[in-house]
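Just so we're on the same page: letters track the sequence lines, and every chain starts at 1.
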Amino acid sequence: GESVGLHLPTLSVQEGDNSIINCAYSNSASDYFIWYKQESGKGPQFIIDIRSNMDKRQGQRVTVLLNKTVKHLSLQIAATQPGDSAVYFCAEGGGYQKVTFGTGTKLQVIP
Amino acid sequence: GAVVSQHPSWVICKSGTSVKIECRSLDFQATTMFWYRQFPKQSLMLMATSNEGSKATYEQGVEKDKFLINHASLTLSTLTVTSAHPEDSSFYICSARDPYTQVMAYEQYFGPGTRLTVT
């Protein structure tokens with residue numbers, strides 16, 4: 001069936017560097033994509049979303065890029081901080097109110 | 001901001017017993033709540049969609065008789081794991097939508113999760 005998946009389970013980044021977390025999705029009919037941050041033992045926290053008719057959206061220190069041609073989504077975090085350490089999930093807002101989560105990437109920030 | 005709470009935050013129960021998890025929207029009325037399950041180092045999997053005043057809609061493969069969902073009020077949904085077994089041990093997360101402030105259909109506030117361990 002349709003799915004949203006990630007390739008890199010763990011990403012280690014030096015504090016202050018930029019982080020890029022990637023996601024591949026398979027449902028070309030998705031209208032929107034969302035990035036969530038999940039800290040250990042907590043629920044997901046919304047970071048940023050992007051509609052399928054856009055290819056870039058920026059937030060505070062974060063940028064999401066969408067390439068529909070290759071069904072690829074990425075989250076860029078500028079000047080990565082220790083507080084950014086968490087698991088990041090891409091998700092697809094598909095169907096009525098449903099959210100389908102990808103497999104997650106663990107971001108480790110090295111002080 | 002909107003807050004969703006869960007109770008308990010963690011629970012240990014014996015195999016064969018039932019356990020109830022509560023999900024509350026603290027400062028808004030949630031017509032729709034969602035229940036997810038997350039195994040260690042895995043993603044969140046949607047179990048069911050709970051609508052206030054009506055029966056929950058379960059995802060394929062989720063046993064409705066085992067995972068009882070009740071959404072009796074606009075601020076409370078409960079998930080009861082009946083006759084729990086060790087394989088039911090997981091992190092259960094609920095989320096809730098505020099239809100008055102959340103425009104997009106996918107927008108939802110997540111609770112902190114409940115860690116269930118069945119021994």
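At distances below 3.5 Å, not a single donor-acceptor pair connects side-chain atoms of A:Thr105 with backbone N or O atoms of A:Tyr88. Here the side chain of A:Asn22 pairs no donor or acceptor atom with the backbone of A:His72 at under 3.5 angstrom. Here the side chain of A:Thr80 pairs a donor or acceptor atom with the backbone of A:Asp17 at under 3.5 angstrom. For the pair B:Arg115 (side chain) and B:Ser9 (backbone), a donor-acceptor distance under 3.5 Å is absent. In this structure, B:Gln6 contributes its side chain and B:Gly113 its backbone to a donor-acceptor pair below 3.5 Å.
Residues satisfying the side chain to side chain contact (heavy atoms under 4.5 Å, CB included) test with B:Thr119, not counting sequence neighbours, are B:Ile12, B:Lys14, B:Thr117.
Looking at every heavy atom in both residues, A:Asp84 comes nearest to A:Leu107 through O-CD2, 3.6 Å.
B:Ser43 is listed as a side-chain neighbour of A:Phe89, based on a closest heavy-atom distance under 4.5 Å. Considering only heavy atoms from C-beta on, A:Trp35 comes within 4.5 Å of A:Ile21 through its side chain.
Salt-bridge check for A:Lys37 with A:Glu39: passed, with a basic side-chain N closer than 4.0 Å to an acidic carboxylate O.
Taking 4.5 Å as the heavy-atom cut-off, the residues of residues 58-78 of chain B that approach chain A are B:Glu59, ordered by number. Among residues 83-95 of chain B, the residues having any heavy atom closer than 4.5 Å to a heavy atom of chain A are, in sequence order, B:Phe91, B:Ile93. Applying a 4.5 Å heavy-atom cutoff, the residues of residues 44-69 of chain A that approach chain B are A:Pro44, A:Asp49, A:Arg51.
Here the CE-OG1 distance, from B:Met33 to B:Thr49, works out to 12.5 Å after rounding to the nearest 0.5 Å.
No hydrogens or angles considered: nothing links the side chains of B:Gln29 and B:Glu52 as a donor-acceptor pair under 3.5 Å.
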message = What verdict does the side chain to side chain contact (heavy atoms under 4.5 Å, CB included) test give for A:Tyr36 and A:Leu75, after you've listed the backbone C-alpha separation in whole Å, the side-chain angles of each residue and the deciding distance to 0.1 Å?
response = CA-CA 10 Å; A:Tyr36 291 96; A:Leu75 176 70; over 6 Å; no
